[in-house]
Amino acid sequence: MRLSKYFLPVLKENPSDAQIVSHRLMLRAGMIRQAQSGIYSWLPMGFKVLRKLENIVHDEQVRAGHNPMLMPTMQSADLWKESGRYEDYGKEMLRVTDRHDRDMLFGPTNEELITDIFRSNVKSYKDLPLTLYQIQWKFRDEVRPRFGVMRGREFLMKDGYNFDVDKPSAMHAYNRHLVSYLRTYERMGMKAIPMRADSGPIGGEDTHEFLVLAETGESEVFYDSKILDLHLGDREVDYDSWDQCAAIFDEWTTPYARTDETHDAELFAQVPAERQMTSRGIEVGQIFYFGTKYSESMNAKVSTPDDGDVPVHMGSHGIGVSRMIGAIIEASHDDKGIIWPEAVTPFGVGIVNLKQGDEEADAACEALYKSATALGLDPLYDDRNERAGGKFASMDLIGLPWRITVGPRGLKNGVVELTSRKTGESEELTPELAIEKLVKIYADV
RNA sequence: CGGGCUAUAGCGCAGUCUGGUAGCGCGUUCGUCUGGGGGACGAGAGGUCGCAGGUUCGAACCCUGCUAGCCCGACCA
């Protein structure tokens with residue numbers, strides 16, 4: 001993409017409404033624009049990152065054997081009355097009436113809708129286990145939206161639902177989801193720690209939240225620092241293996257890690273003192289096992305050979321995709337701007353032409369732009385007629401992990417400069433070597 | 001939902017106390033000079049001063065009501 005043709009309205013100054021760093025940087029980097037309190041338009045660059053995160057989530061869900069689908073944002077109130085949650089959910093649920101005076105709602109979550117789909121199509125234990133998921137916009141009418149996309153009213157969430165014949169099978173689904181979530185966050189370049197949590201209005205027995213550590217997090221968290229050393233890495237996982245998933249579940253849930261909701265001071269005291277960590281975290285996902293809560297109230301049963309018709313055991317799982325962007329920025333930025341992990345960066349590399357209009361510089365940039373594009377590096381070429389300082393400041397702000405700087409001075413010696421956004425370190429290379437190096441870097445992402 | 005604050009050009013702000021027909025910086029447009037970390041000079045464009053009502057000869061400014069947004073708290077992916 002050429003910056004001269006891209007819609008990237010960057011701001012030099014901090015918008016006064018934005019208090020926390022991710023909100024400020026998303027506004028300044030031209031990623032989002034507020035429409036109303038807690039409701040945002042996603043401008044091209046923000047949208048691009050959102051799509052990248054979605055792709056990673058989809059990829060890992062499908063790898064775990066789950067079925068992608070899409071449910072409507074508007075739901076009928078009838079199903080919610082059937083489950084009993086129409087009354088329970090309270091004011092967070094946005095209720096509307098259509099032209100025929102029918103009660104409708106903007107879905108805050110989809111347990112009812114998915115259970116309805118399930119019960120009218122699945123009758124036999126032979127069709128289980130089954131996990132369906134979607135990535136769809138949700139609406140929760142928060143009392144106090146804040147922090148930009150971190151607590152919006154409208155937000156993009158991956159929500160998945162598993163159906164199993166009995167509790168042991170459902171617990172495997174629970175473990176499988178935990179493993180796939182660990183992989184998902186690692187692929188985004190993030191460390192998200194699973195912590196035992198409270199179930200809230202979704203209800204249920206077992207639940208873990210995934211938290212990204214950040215000063216601005218809304219939850220207070222307590223953990224054994226040992227958990228930070230755990231990596232899933234590229235180990236092969238058989239998602240159908242109960243033992244393998246359970247082993248990984250044990251590995252990650254054995255070290256103490258809890259939010260303030262479930263914190264147990266006595267247990268925490270047993271962690272060696274030097275490993276007792278207290279900090280704040282941003283919740284970016286949660287997994288639940290809630291047994292037969294919905295299948296009983298909504299009569300979702302399957303036939304079994306031994307026990308006749310039994311209500312299915314269910315769980316649900318969510319990843320806050322739009323919130324994740326805020327969490328990534330909270331965890332990865334400096335005073336100049338965002339620092340994107342390579343896995344989710346909107347563009348692979350920024351090309352800065354220091355002297356736009358200079359024949360040699362222009363030609364060198366064009367050549368770089370073409371080869372980088374051809375090799376899938378997805379470059380953003382700053383071809384504006386700006387001065388060097390302005391171009392650098394914009395690049396630092398939007399936070400692409402790599403920058404190639406092209407100017408007459410270097411070109412005299414046949415070199416360009418390759419700079420890491422994260423470390424600030426530069427090296428002079430021929431254009432060909434710079435591209436080659438980037439291709440290698442992104443091959444590992 | 002309780003408490004606090006704010007609303008004036010795309011963004012950041014001054015002007016309100018003491019009423020007299022709106023200003024600064026950035027950005028933006030045009031031109032010239034520049035050209036390796038937000039450059040200089042010159043010329044321009046851009047505002048129903050959140051909305052409604054009131055007081056007044058006259059309201060961004062005073063009064064009343066409303067709306068929107070932000071922050072703290074309680075609540076939550």
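Naming convention: chains lettered A, B, ... in sequence-line order (proteins, then strands); numbering from 1 in each chain.
A sub-4.0 Å separation between OP1 or OP2 of B:C1 and a side-chain N or O of A:K91 is present. Within the 4.0 Å cut-off from OP1 or OP2 of B:G38, not a single side-chain nitrogen or oxygen of A:K12 is found.
Of the candidate nucleotides B:A74, B:C26, B:G37, B:A74 has the atom lying nearest to any side-chain atom of A:R144. Of the candidate nucleotides B:C70, B:A74, B:U28, B:A74 has the atom lying nearest to any side-chain atom of A:R146. Closest contact between the side chain of A:S16 and the listed nucleotides B:A74, B:G36, B:G12 involves B:G12. Picking from B:G37, B:C72, B:G69 the nucleotide with the shortest atom distance to the side chain of A:F392 gives B:G37. For A:A388, counting side-chain heavy atoms from C-beta on, the closest listed nucleotide (B:G37, B:U34, B:C26) is B:G37.
A:G357 comes within contact range of no nucleotide atom at all, as no heavy-atom separation falls under 4.0 Å. Among the heavy atoms of the strands lying under 4.0 Å from A:N385 is at least one base atom, whether or not backbone atoms are also near. Using a 4.0 Å heavy-atom cutoff across all strands shown, A:G152 reaches at least one base atom of the nucleic acid. Using a 4.0 Å heavy-atom cutoff across all strands shown, A:E386 reaches at least one base atom of the nucleic acid. A:G389 comes within contact range of the sugar-phosphate backbone alone, with a heavy-atom separation under 4.0 Å but no base atom that close. In this structure, A:F147 reaches the sugar-phosphate backbone alone: every heavy-atom distance under 4.0 Å involves primed, P, OP1 or OP2 atoms, never a base. Among the heavy atoms of the strands lying under 4.0 Å from A:D396 is at least one base atom, whether or not backbone atoms are also near. A:G318 comes within 4.0 angstrom of nothing in the nucleic acid, heavy atoms only.
Here B:C70 presents its C1' atom at 9 Å from CD of A:Q34, a figure rounded to the nearest Å.
Across the P atoms, B:G46 and B:G53 are found 27 Å apart, a figure rounded to whole Å.
Taking 3.5 Å as the limit, the base of B:G36 and the side chain of A:R403 contain no donor-acceptor pair of atoms between them.
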Please list, one pair per line, the donor and acceptor atoms closer than 3.5 Å that link side chains of residues 220-233 of chain A to other protein atoms, with sequence neighbours excluded.
{"residue": "A:D224", "atom": "OD1", "partner": "A:K226", "partner atom": "N", "Å": "2.9"}
{"residue": "A:D224", "atom": "OD1", "partner": "A:R275", "partner atom": "NE", "Å": "2.8"}
{"residue": "A:D224", "atom": "OD2", "partner": "A:R275", "partner atom": "NH2", "Å": "3.0"}

Listed pairs under 3.5 Å, donor-acceptor, residues 24-33 of chain A side chains, sequence neighbours left out:
{"residue": "A:R24", "atom": "NH1", "partner": "A:Q19", "partner atom": "O", "Å": "2.9"}
{"residue": "A:R28", "atom": "NE", "partner": "A:L11", "partner atom": "O", "Å": "2.9"}
{"residue": "A:R28", "atom": "NH2", "partner": "A:L11", "partner atom": "O", "Å": "3.4"}
{"residue": "A:R28", "atom": "NH2", "partner": "A:K12", "partner atom": "O", "Å": "3.3"}

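Across every non-hydrogen atom of A:P346 and A:K48, the tightest pair is O-NZ, 2.6 Å.
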